[in-house]
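What follows is a short report on a single structure.
So you know, we letter chains A, B, ... as the sequences are listed, proteins then strands, and number each from 1.
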Protein chains: 4
Amino acid sequence: MAGTGTQRKSDTRQRIQDIALDLFVEQGYEKTSLREIAERLEVTKAALYYHFKTKESILVSLFADRVEPLDELIAWAREQPRTLEVKQEFLRRYTEQLKASSRLFRFMQENQAELRDLRVGETFKSRVDDTMELLLAPDPSLADRVRCTAALISLHAGMFALKDVEGDPEEKYDALLEVSFELLAAAHEGRGPAA
Amino acid sequence: MAGTGTQRKSDTRQRIQDIALDLFVEQGYEKTSLREIAERLEVTKAALYYHFKTKESILVSLFADRVEPLDELIAWAREQPRTLEVKQEFLRRYTEQLKASSRLFRFMQENQAELRDLRVGETFKSRVDDTMELLLAPDPSLADRVRCTAALISLHAGMFALKDVEGDPEEKYDALLEVSFELLAAAHEGRGPAA
Amino acid sequence: MAGTGTQRKSDTRQRIQDIALDLFVEQGYEKTSLREIAERLEVTKAALYYHFKTKESILVSLFADRVEPLDELIAWAREQPRTLEVKQEFLRRYTEQLKASSRLFRFMQENQAELRDLRVGETFKSRVDDTMELLLAPDPSLADRVRCTAALISLHAGMFALKDVEGDPEEKYDALLEVSFELLAAAHEGRGPAA
Amino acid sequence: MAGTGTQRKSDTRQRIQDIALDLFVEQGYEKTSLREIAERLEVTKAALYYHFKTKESILVSLFADRVEPLDELIAWAREQPRTLEVKQEFLRRYTEQLKASSRLFRFMQENQAELRDLRVGETFKSRVDDTMELLLAPDPSLADRVRCTAALISLHAGMFALKDVEGDPEEKYDALLEVSFELLAAAHEGRGPAA
DNA sequence: GATGAATGAGATTTCATTCAT
DNA sequence: CATGAATGAAATCTCATTCAT
């Protein structure tokens, strides 16, 4: 029994998820049909239904694994004092997660409309709200709110916007993070209505 | 009685565009069927095809009117010196256009994947590239590039991200613009690698 | 009033027929839409309906002019003695009519299935029956019947079958006619079961 | 009871082909809709698409089986000396194939226009060219070419032209074949310009 | 674990036709 | 003589899903 290798149980489920994410990113969720997924996998559509109850559940499963670490990160941040250093550390770790699941986040970014009524959207929306609340000072000015929003948006959308810029991805991530820090710092001080 | 009757001269084309944009924003392009548009308009599907050759051409027509003013703005900016004041003025006018076509820009924002292979995407992508080039100093550092990117992204995505925040939309636009100015200013000075 | 030229009354009707026949020959009747005809004419579909009640009536009108000369030819032949010379003369004149309306006959040839339930088919079918009767000796053998059939079929289908053969069309017509004469002559003698 | 039940193993594909050919012959290809085929089969339209990717592929499949025997026949003839006897034997076998697929050849005959741009047309056209080349003497006169053409055309179109003539179909085929032989013989001798 | 066969709903699109102007 | 606007019907095709095997 022992020693039958690392992938004892069928990895088909995993492969479905992989290929589905590829296609979802390339084409969007609606435009990707189960036929396509099945063809790339070289199995029949019916086989997909052995592993997933519906098309949507494939999508949900893709998000499932990523929610937990995000929740852990938020929980961690809640136990910390709201210092600038903590907020920075939070963004740093947040960026790590973005990096680790960049395809998925790209998919979210580019398919917001489709995700909106798929419940999964809600799930992530509420995490973003939590995140905003963590970054903001209590009772923030509108300008500070905007700064934090900009910090987050830039992290999320920045990599895709910089796709055509040459350079090491790691450096780009660093640059994005630094600009986020600037915005965050300004918001943290409560610099006022963008004097 | 006068002036309130049904519009004699067919404005059906206009109404199609209006309702289509509504539905595209609500549901995305793919998920919106011509049946839906026709039903809301209380005409038959075939009527849509009298006014537009294909579904895609409805979408294209929505963009057509907005490209011109954007091109004019870019052309104007190109004739100006690249001072910070000009760049600010540019962003101010840019924001006016975003405001004037907010539904359309929201649609773009939330349906990037679907737009990607619809040619219309290309059209706007190239305008964004032009815009970036206008805002950037010659031979910019990566950090400055990121700042400009963040400035633009925030303008584009900011309003939707702030949807749940209470407050006057005008004030929100002002706040977004100011934060963009901060980022722009930092990039204009070439403040270096986010000191 | 006099002297206003040869085409006093609108020639649109004529142009519709021309273009329609072009398209019917190229694509078949079903596959040719009124939209196409209208576009080539650079008028609207509705204009077609001013000149023709239905699509089918365009087709019918194309045949109308050709039935009369055919009927005259048949009537002429009926008054003649059934000598071989007369039959030959009949085929000669018949071929002239085929030449004069070659596009139309090509259309008939290649779209028999579509014509079958369009009444126009019937009309011509009965002329062909009349023609056969004229060519055949009384109480003919099956073989002679086949010879006459072959003679007619070859005249009808021959030109299109010889399309790729180089040479003067007139010569081709002559050759076809001569082979028809051979078949006709054999049938006229009642040569028996193809000894 | 035994052996009369419903066929267990799905022969749906075969049944689609059968019914489709029936309808194509009756009405033509364009005029036959998939709805009609599906209704006669008592399955849904979607079921057709399970078995055939497109409507055209149903048509193509009908031809597929018939091309092979024809190619074999042509190959056989190419290995033989070009004597009159061989040519006759060739036509005899050719006629057998026409008989065996008479519905399909009737369909071809009556729907040439529709077939023209369906690639399948090309396929058969080239076989006819091959056949002509086999029957013709080297460097033939136009008249001989016409005779061979007439021989082939008559075989193809003759049966349908003789539909209303009473008599045993076998006898009709024999008569057609004999007249073809006459034409062939004349062409074989190179009888000259239809003396 | 997976397939083969099928379905019901619905998509985009095209067509011949009508009619007020 | 002709157009602009619209319709109802139907076409081809795709999709997510089901189920017996």
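- Toward the 5' end of DNA chain F, the nearer of the two residues C:Lys45 and D:Lys55, judged by each one's closest nucleotide, is C:Lys45.
- Looking only at distances, a side-chain donor or acceptor of D:Ser33 sits under 3.5 Å from a matching main-chain atom of D:Glu36.
- Between its opening and closing five pairs, the helix from E:dA2-F:dT21 to E:dT21-F:dA2 changes axis direction by 20°, a value rounded to 10 degrees.
- When all heavy atoms are compared, the tightest approach of B:Arg103 to B:Asp18 is NH1-O, 3.7 Å.
- Note that the CG atom of C:Leu41 and the CG atom of C:Leu34 stand 11.5 Å from one another [nearest 0.5 Å].
- Of the two residues near DNA chain E, D:Tyr50 and C:Lys53, the one whose nearest nucleotide lies more 5' is D:Tyr50.
- Between the CZ atom of D:Phe52 and the P atom of E:dA5 there is a distance of 12 Å, rounded to whole Å.
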Are there any protein N/O atoms within less than 3.5 Å of an N/O atom in nucleotides 19-21 of chain E, and if so, which ones and at what distance?
none

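- One interatomic measurement links the two molecules: CD of C:Glu39 to C1' of E:dT14, which rounds to 12 Å at whole-angstrom precision.
- For the contact set between residues 16-37 of chain C and DNA chain E, defined by any heavy atom under 4.0 Å, the members are C:Thr32, C:Ser33, C:Leu34, C:Arg35.
- Among residue pairs with one or both ends in residues 110-122 of chain D, those qualifying as side-chain hydrogen bond (donor to acceptor under 3.5 Å, both in side chains) are C:Glu110-D:Arg116, C:Arg116-D:Glu110, D:Arg106-D:Glu110; sequence neighbours excluded.
- Between the C1' atom of E:dA2 and the CZ atom of A:Arg13 lies a distance of 16 Å, rounded to the nearest Å.
- Taking 4.5 Å as the limit, every side-chain heavy atom of B:Thr54 sits out of range of all side-chain heavy atoms of B:Val60.
- Whole-Å rounding puts the C:Glu42 CD to F:dT3 C1' distance at 15 Å.
- Counting only residues at least two apart or in different chains, ring pair (Phe, Tyr, Trp, His ring centres under 6.0 Å) contacts with residues 108-128 of chain C comprise C:Phe63-C:Phe124.
- The side-chain hydrogen bond (donor to acceptor under 3.5 Å, both in side chains) check on A:Arg127 picks up A:Asp71, with sequence neighbours excluded.
- Closest non-hydrogen pair, D:Ser61 versus D:Phe52, comes out as OG-CE2, 3.5 Å.
- Atom name P, nucleotides E:dG1 and F:dT21: the rounded distance is 22 Å, in whole Å.
- A salt bridge links A:Arg35 with A:Glu39: at least one charged nitrogen is closer than 4.0 Å to a carboxylate oxygen.
- A:Arg15 has its CZ atom 14 Å from the P atom of E:dG1, to the nearest Å.
- For D:Leu41 and E:dA5, the CG to P distance is 14 Å, given to the nearest whole Å.
- C:Leu115 places none of its side-chain heavy atoms less than 4.5 Å from the side chain of C:Lys125.
- Between atom CD1 of residue A:Ile16 and atom CG of residue A:Leu48 there is a gap of 5.0 Å, rounded to the nearest 0.5 Å.
- Note on D:His51: every side-chain N or O is 4.0 Å or more away from OP1 and OP2 of E:dG4.
- OP1 or OP2 of E:dA2 has at least one side-chain nitrogen or oxygen of A:Thr12 nearer than 4.0 Å.
- For the pair B:Glu56 CD and E:dA11 P, the interatomic distance rounds to 18 Å; values are reported in whole Å.
- For the pair C:Lys55 and C:Tyr29, the cation sits on the ring face: its NZ or CZ lies under 6.0 Å from the ring centre, inside 45° of the axis.
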